[in-house]
Amino acid sequence: YTDGSMTGGIWRQLRATGFGIVVVSESGELLGYGFGAPPSRVITAAGAELWAVHIAIAMCPFPPKIKTDCLSILTSARAGNAAVIGHQKMHARTWNSITAALDDDVSTMVESGLWQWVPAHLSIKAVGHATAHNRNRLTIIDWRANRIVDALAKNGAATVSNDASTSDLATSAEALVKHRL
C-alpha cells in the first residue's frame, strides 16, 4: 500500500511532501512499513504517492502488487510509458525511474492487476461494499492498511515541513499586503 501527503499547500515555496509504504501478507499480517520525504521537486500529494510507488518498485526484485488510493496514478499508467514520460509531464522524472525499474510498460502493471486502486478515507462501514472503480470489495485489510499508510505519509511530510511560526509569518505578511492594498 502506498500513500502521499502534502502540507503547506497554500504557498508553493512552503510545501512539504511525504510518503508512506505498508507491506502486508495475503492473510493481512503486517510485514513492514516505512515513511520518508521525496526530493524537494515533488510538490504535490500525488507526486509523493508516485514517489512511494517508485520506492516500492525499486526495492523489490520483481514487480510487487501495489494498492494506491491515487486514481490519477493508475489512469496515467493505463496510458503507457509514452504518455507519462514526456518532457512536459510534471512527474516525468519519477515515471522514468519507474519504467527503468520495471523494464516494461507501466500499463502492463495495471492490466495484470499488480497496480490496483483502493478507496481512502472511508469509515469502517464501507468494508465489504463494492468500490466505485472496480468490482472488488473493500476488505478490512485494505481499510486498515490504508489508514496506516495515510498516517505514515503525514509523518513523512512532517519530517520536512516548516514549523508553525513560518506559516504564521507568511499568513501575517499576506494580511499586511491585503491591508495595504
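We use all heavy atoms of the structure for the numbers below, so side chains are in, but hydrogens, waters and symmetry mates are not. Since this is a predicted model, take the numbers as computed values, not measurements.
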Smallest heavy-atom separation, Ile66 atom then Ala56 atom, equals CD1-CB, 4.2 Å
Nearest heavy-atom contact between Ala145 and Val24 is CB-CG1, 4.5 Å
Across all chains, not counting sequence neighbours, the side chain to side chain donor-acceptor pair (under 3.5 Å) partners of Thr68 are Glu49
Besides Ile55, the hydrophobic cluster formed by Ile, Leu, Val, Met, Phe, Trp and Tyr side chains linked at under 4.5 Å, directly or via other members, contains Phe19, Ile21, Val23, Leu31, Trp51, Met59
Excluding Met90, membership of its hydrophobic cluster (Ile, Leu, Val, Met, Phe, Trp, Tyr; side-chain heavy atoms within less than 4.5 Å) reads Ile43
In short, Ala157 meets Ser5 closest at the heavy-atom pair CB-O, 4.1 Å
Residue pairs meeting side-chain hydrogen bond (donor to acceptor under 3.5 Å, both in side chains), one or both in residues 83-99, sequence neighbours left out, come to none
With no hydrogens and no angle check, is any side-chain donor or acceptor of Asn146 less than 3.5 Å from a backbone partner on Ala120? no
State, with a plain yes or no, whether a side-chain heavy atom of Asp3 is found less than 4.5 Å away from one of Leu152. no
Sequence neighbours excluded, the answer for salt bridge (Lys or Arg N to Asp or Glu O under 4.0 Å) partners of Asp150 is Lys154
Sorted by chain and residue number, the side chain to side chain donor-acceptor pair (under 3.5 Å) partners of Thr171 (sequence neighbours excluded) come out as none
By side chain to side chain donor-acceptor pair (under 3.5 Å), Asp168 pairs with (sequence neighbours left out) none
#### Entry: Side chains of Ile57 and Pro64 in contact at under 4.5 Å (non-hydrogen atoms)
yes
In short, salt bridge (charged side-chain N to carboxylate O under 4.0 Å, His left out) pairs touching residues 51-71 with sequence neighbours left out are Lys67-Asp142
Scanning both residues in full, the closest heavy-atom pair of Gly4 with Ala153 reads C-CB, 3.8 Å
Next item on the list: Check whether more than 12 heavy atoms from other residues, nucleotides or ligands sit under 6.0 Å from atom CZ of Arg144, and answer yes or no.
Entry: yes
Connected to Leu181, directly or through other members, by ILVMFWY side-chain contacts below 4.5 Å are Val177
Practice prompt. Treat each ILVMFWY residue as a node, draw an edge where side-chain heavy atoms are under 4.5 Å apart, and state whether Leu50 and Leu114 are in one component.
Written response: yes
Ser107 meets the side chain to side chain donor-acceptor pair (under 3.5 Å) criterion, sequence neighbours left out, with Asp105
Donor-acceptor list for residues 33-42 side chains, cut-off 3.5 Å, not counting sequence neighbours:
none

So the side-chain hydrogen bond (donor to acceptor under 3.5 Å, both in side chains) pairs with at least one residue in residues 16-28 (sequence neighbours excluded) are Ser25-Ser27
query = Is the shortest heavy-atom distance from the side chain of Ile141 to the side chain of Tyr1 under 4.5 Å?
reply = yes
